[in-house]
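As structure tokens, the structure follows; a few thoughts come after it.
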Amino acid sequence: MIHYKCRQGTYPSSNIRRFQIPEEKVSWKIEYSEYKPVEYTASNLTGKSWADPEIDNISFKPKWNSIDGKVNRRSFMGDYVINKDGYPLNPIGRTGIIGRGLLGRWGPNHAADPIVTRWKQDLAGMIQINKDTKKPILQFVAIQRQDSGEWAIPGGMVDPGETVSATLKREFMEEAMNFLGKDETEKEKLEKSMRTFFEKGEEIYKGYVDDPRNTDNAWMETVALNFHDNNNSVIGSITLIAGDDARNVKWMDIDKNLNLYANHSEFIRKTVQKRDAHW
């Protein structure tokens, strides 16, 4: 389900309850006169350099569905609709909340998710095979989010003017290697060792994210790339340390019982298919 977690219960980090929408009324194409979504934009977004002002701010003249200065307002889902009041509409449908919620941008908010994987090995360095599927067991670097406590891929927001490849490397080093907590010598050494590894990723997914922070007018989109450490010689030789907004970090075994933040489990399933690994 691409539009499920963003329609459930209470909005994250608030006591705001979403207007409950039956499955058949999610699409904007379906008339829904009873629809009365709650309006919510977190107060701590006001004045933030990375956040848009309110739509009715006279100085705010966004270029929807295009590159707006350094801000990417294009959607991977194609052109989104701007309603009669000037608000962009979530391309997948209703969420039960209008406004921006916790998200900085009206319309698409772009993220990047690095899926860093390796084969699970025993103490002798042999790849472990699942006895039922007869396929090798894949592991990925998972972080535990500070906000929800859920396990997730260590991704983050693409800064204005930043390339996706730069975001992927930066977010992984900040969240899974505590890059920001290191001194300059350690940072330089880590940057050098990671540079080549993060040059060659395989695209797993590009599009809308079923993120619990989504609203009718602001939503998450991502590019997820897989970086595979085939012989465990690059990432495997570096100690993982939770940093930035991660509570914990670890190598997590992959199987069909994974329950991750947003629709990250779907990104992992696609990675498993690409690697022909156990699921």
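Values reported hereafter were calculated over all heavy atoms of this structure, with side chains retained and with hydrogens, waters and symmetry mates removed.
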Check the hydrophobic clustering (I, L, V, M, F, W, Y; side-chain heavy atoms under 4.5 Å; chains of links allowed) and say if I137 and M252 are grouped together.
no

Got a salt bridge between R170 and E162, using NZ or NE/NH1/NH2 to carboxylate O under 4.0 Å?
yes

Quick one, L89 and W28 - any side-chain contact, counting heavy atoms below 4.5 Å?
yes

Mark yes or no for whether W106, through its side chain, and P53, through its backbone, hold a donor-acceptor pair below 3.5 Å.
yes

Any donor-acceptor N/O pair, K70 side chain to I67 backbone, under 3.5 Å
no

Determine whether a donor-acceptor pair (N or O, by modelled atom type, separation under 3.5 Å) exists between the side chain of D85 and the backbone of Y87.
no

Pair D210, E266 - check side chain to side chain contact (heavy atoms under 4.5 Å, CB included), show working.
CA-CA 10 Å; D210 185 17; E266 179 63 14; over 6 Å; no

Under a plain distance cut-off of 3.5 Å, with no hydrogens placed, do N263 and Y205 share a side-chain donor-acceptor pair?
no

Hey, mind stepping through I254 and R275 against side chain to side chain contact (heavy atoms under 4.5 Å, CB included) and telling me if it holds?
CA-CA 12 Å; I254 295 174; R275 298 286 166 200; over 6 Å; no

Between OG of S193 and CZ of R195, what distance do you get to the nearest 0.5 Å?
9.0 Å

Does the pair K169 and E191 meet the rule for a salt bridge (charged side-chain N to carboxylate O under 4.0 Å, His left out), with working shown?
CA-CA 9 Å; K169 179 163 69 74; E191 275 271 12; 2.7 Å; yes

On a heavy-atom basis, which atom in I98 and which in P37 lie closest, and how many Å separate them?
CG2-CG, 3.6 Å

Can you tell me if Y80 uses its side chain to pair, donor with acceptor, with the backbone of N90 under 3.5 Å?
no

Are I30 and V81 grouped together when hydrophobic residues (ILVMFWY) are joined by side-chain heavy atoms under 4.5 angstrom apart?
no

Would you say P114 and F198 make side-chain contact, with heavy atoms under 4.5 Å?
yes

For a quick test of reading the model, state the closest non-hydrogen atom pair linking P212 to P12 and the distance between them.
O-CD, 3.3 Å

Nearest heavy-atom neighbours spanning L102 and A42
CD2-CB, 3.8 Å

Does the side chain of Y11 reach to within under 4.5 Å of the side chain of V38, using non-hydrogen atoms?
no

Do D211 and Y261 have side-chain N/O donor and acceptor atoms under 3.5 Å apart?
yes

Candidate list K120, Q128, H278, test side chain to side chain contact (heavy atoms under 4.5 Å, CB included), partner D253, passing option:
K120

Show the numbers, then the answer: is there a side chain to side chain contact (heavy atoms under 4.5 Å, CB included) between I235 and F227?
CA-CA 10 Å; I235 305 296; F227 301 90; over 6 Å; no

Is the backbone of F197 close enough, under 3.5 Å, to the side chain of K200 for a donor and an acceptor to pair up by distance?
no

Mind listing the closest non-hydrogen atom pair of D132 and N130 along with its distance?
N-OD1, 2.8 Å

Donor-acceptor contact below 3.5 Å, side chain R73 vs main chain G107:
no

Honestly curious: do V116 and M173 fall in one hydrophobic cluster under the side-chain, below-4.5 Å linking rule?
yes

Beyond-backbone contact of P136 with I129, side-chain heavy atoms, under 4.5 angstrom
yes

Nearest atoms (heavy-atom pairs only) where D255 meets W279
O-CZ3, 3.4 Å

Any side-chain heavy-atom pair from Q20 and R18 closer than 4.5 angstrom?
yes

Are any of the side-chain heavy atoms of L45 and W50 separated by less than 4.5 Å?
yes

Do M220 and M157 pass the side chain to side chain contact (heavy atoms under 4.5 Å, CB included) test, and can you show the C-alpha distance, the side-chain angles, and the key distance before you say yes or no?
CA-CA 9 Å; M220 290 295 302; M157 307 305 293; 3.5 Å; yes

Please check: side-chain N/O of E186 versus main-chain N/O of D183, any donor-acceptor pairing under 3.5 Å?
yes

Same cluster or not: I21 versus Y4, using hydrophobic residues (I, L, V, M, F, W, Y) connected whenever any side-chain heavy atoms lie under 4.5 Å apart?
no

Within the distance-only criterion (no hydrogens, no angle test), does the side chain of H110 pair as donor or acceptor with the backbone N or O of R74 below 3.5 angstrom?
yes

No-hydrogen, no-angle side-chain donor-acceptor test under 3.5 Å, R17 and T10
yes

Between Y35 and D216, is there a side-chain donor-acceptor contact under 3.5 Å, judged purely by atom types and distance?
yes

Do the side-chain N and O atoms of N214 and T95 include a donor-acceptor pair separated by under 3.5 angstrom?
no

Regarding E221 and W219, do their side chains bring together a donor and an acceptor under 3.5 Å, going by distance alone?
yes

d(S233 OG, R118 CZ) to nearest 0.5 Å is 11.5 Å

For the atom pair CE (M177) and CE (M194), what is the distance rounded to the nearest 0.5 Å?
4.0 Å

Side chains of N226 and T117: donor-acceptor distance under 3.5 Å anywhere?
yes

Atom CZ in F140, atom CD1 in I268: separation rounded to 0.5 Å?
4.5 Å

Decide if atom NZ of K48 counts as having more than 12 heavy atoms of other residues, nucleotides or ligands within a radius under 6.0 Å.
yes

Do side-chain atoms of D229 reach the backbone of V234 as a donor and acceptor pair under 3.5 angstrom?
yes

Cation-aromatic face contact K250/W151, 6.0 Å, 45 degrees
yes

Of T222, D113, N72, V223, the one forming a side chain to side chain contact (heavy atoms under 4.5 Å, CB included) with V164 is V223

State whether the side chain of T41 and the backbone N or O of G99 hold a donor-acceptor pair below 3.5 Å, judged by distance alone.
no

Could you state the interatomic distance from CG (D52) to CG (N109), rounded to the nearest 0.5 Å?
8.0 Å

Y208 vs H3 side-chain heavy atoms within contact, under 4.5 Å
yes

Between T215 and N217, is there a side-chain donor-acceptor contact under 3.5 Å, judged purely by atom types and distance?
no

Just so I know, are the side chains of V272 and K135 near enough to count as touching, which here means a heavy-atom distance under 4.5 Å?
no

Exercise: identify the closest heavy-atom pair between P22 and Y32:
CD-OH, 3.4 Å

How many angstroms lie between CD1 in I115 and CG in L138, if you round to the nearest 0.5 Å?
10.0 Å

